[in-house]
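Everything below concerns the one structure shown next.
Letters go in sequence order (proteins before strands), and every chain restarts at 1. Note that these values count all heavy atoms, side chains included, but never hydrogens, waters or copies made by symmetry.
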Amino acid sequence: MAKYTIRNKRLTDDEFFRIRKEEVLSQWETGREIENLDENIAAAYELSVGAGRNYAIKDAEAEAKGIHLFQPQFGQGLTEFMIDGMSYVEENSPLLPVGMWNCFSDSYTRKNKYEQAADGIERSRKEGVTMLNGWPIVNHGVHEARKIKRAIKSPMSLNSTDEDGRLASEIALAAGWNACNCRSVTEVMAHCKNITLEEEIRINQYETRLAAIYHERGVPQSPHISCNLTGYDSCGFKSFIMVAQSLLGAEQGLKQIYLEFGINMNLVQDTAMMRVTKRLCEEYCARFGYTDVKFIQNNNMFQGAFPPRLEEVNAMLSLAVTIGILGGSTSLVLKCQDEAFATPTKEGMAATVKIAREIEKLLGDLRLPISAEVIEEEKILELEVRAMMESCLDAGEGDIALGLCLGVDAGWVSTMISPWKFNKGNVLLMRDAEQAMRYFDAGDMPLPNEVKEYHLKKLEGRAKKEGRPLDFDMVVDDLQYASKLPEIQK
Amino acid sequence: MEKRKVNKSVVIGTIGEDAHIIGGWVLKHTFQQAGYKVVFLGSIVPQEEFINAAIESDADAILVSSSYGMGPIDCEGLRDKCIEAGLDDIILYAGGTIVAPLEMDQNWPEVERHFQEDLGFNRVFRNTVDAKQALAILNADLGIAD
């Protein structure tokens, strides 16, 4: 246990401001523009709360009213491309007045390679199209971020966290955007290779504390806790990492948390996952004394491979929106018709908003009735999440930060495919006949036998139906379950 | 010049700052099952790492995955570095979601021309190729019967 010094403990102001000066603002020259935190908070208040465009307030109001927000995503290399593209969607789709934005930075920024991002900006200018896969917020700095914020009518959020999103989040918050993700485990498993979980939790404690400071000083924040991994992960594992991360966020002082569910595209299992997760986030937070944290259920789409043809991709988008609405989510992050081939275009994003809004209209107030099947899925999921949480909490002697790090070493915190070198990766997953995600092999995860047997039984049903064995070929085939196009008989 | 012996050995990885690992993961299993020796570098792989691995394993080919749209930037210079390292005739493939702007993807012949003529790659694949096709094409390029 002495191997790890990390603990789930709130950063003191002294620690926070020391890290801010030594590790965050010094990363790039635009850090100098946001040295004065008081001024940043005042500006953020004006640009978000004052302008009636605050992300956290919008999400909470929509939840209270029972309406849906749609949340397209956008990110291109130059500020003028951002304003042009986002304005286009706001003017050419039914996004307003109940929309929000998910803006993403490019992958060089996410990896803190600001010189390479600068090169990408130059190339984008030269070519007249974006050569970056997102908006490099750190290179552009707070003044450009505020320019976008003023031009765009819907509240905005930044998605820019791989290893170290602290400077990107500082700039975004100072511009009145929502930012700061509370997702150290999600990040290492989805986007990182070499960083330890211990270091990532330490970095993320700062980011989360930053959001809490804005919130405490009158600019409501709703950081995301997400489970958007590679797209080939079990619902139970996704739920577990969200519950674990809720304890990390609550300790830093978060009061409103945006639960962002990357779904597996099975209506029953996804709905069960979202309901169980919210319930267990509340329960575990209450157990550790965080009784005033509000969790809002929102969802993102399937994170795996999308089909490379318009008709099929529209089917994917439609089912994802349907699951989000029937499953009870408030805000729905939208992927784009261009997902299989490229980063979102403004036309593709506007079309996707139209599809989503139409589905919302068609469904009305219908929600998935909580049937015996949903209750059974919830029971299995709860068993799984509780087993994982209790194993980690036991190992960490009640400290989830420590327990997660030890859980990685033990192979408990592990998924099938990940770029992260500490992921043991002994888990194998497949879809059952109803396309729910099941463990073929739970690897080293400390799951009760009842859970493993339930999953295998479901898979055997598919094997029987298809008359083929459960084997590795099936695992590989399932990676393309949505993206492989059917052959057309002429 | 004497033609080099084919080893059935490949290096696979995702180039640049790209964390998308699945394409490479599937290729790894497919090539291993076909009897290839595979050095799998995972994702977020710098060019130098591909080359060092290719030298160490005396690889026939480097299969570069790129799925976040910045392939043209990340692949620039790889062929030159191969030549500097004495890997003049090594086969270079790139595949995945190579270019970020949709208009570039829609003009695929230009992407192909750019990768082959400007960047010195032997082939570039869109993300609609599957692993078994890639295997068959490399076998053909190496003169190996399926």
Heavy-atom donor-acceptor pairs under 3.5 Å, chain B with chain A:
unit_1  : atom_1 : unit_2  : atom_2 : d
E17(B)  : OE1    : K113(A) : NZ     : 3.4
E17(B)  : OE2    : K113(A) : NZ     : 2.8
L41(B)  : O      : K193(A) : NZ     : 3.1
S43(B)  : O      : K193(A) : NZ     : 2.8
Y68(B)  : O      : N133(A) : ND2    : 2.9
D74(B)  : OD1    : Y108(A) : OH     : 2.7
E76(B)  : OE1    : R123(A) : NH1    : 3.4
E76(B)  : OE1    : R123(A) : NH2    : 3.3
E76(B)  : OE2    : R123(A) : NH2    : 3.0
A100(B) : O      : T343(A) : N      : 3.2
A100(B) : O      : T343(A) : OG1    : 3.4
N127(B) : ND2    : A340(A) : O      : 2.5
D130(B) : OD2    : K484(A) : NZ     : 3.0

Quick check on V26(B) against chain A: is it the side chain, the backbone, both or neither that has a heavy atom closer than 4.5 Å? side chain
For Y36(B), the ring pair (Phe, Tyr, Trp, His ring centres under 6.0 Å) test, sequence neighbours excluded, returns F31(B)
For F74(A), ring pair (Phe, Tyr, Trp, His ring centres under 6.0 Å) partners two or more places apart: none
Does any heavy atom of chain B fall under 4.5 Å from the side chain of A305(A), the backbone, both, or neither of them? neither
Once salt bridge (Lys or Arg N to Asp or Glu O under 4.0 Å) is applied, do any residues pair with K37(B), and if so which ones, sequence neighbours excluded? none
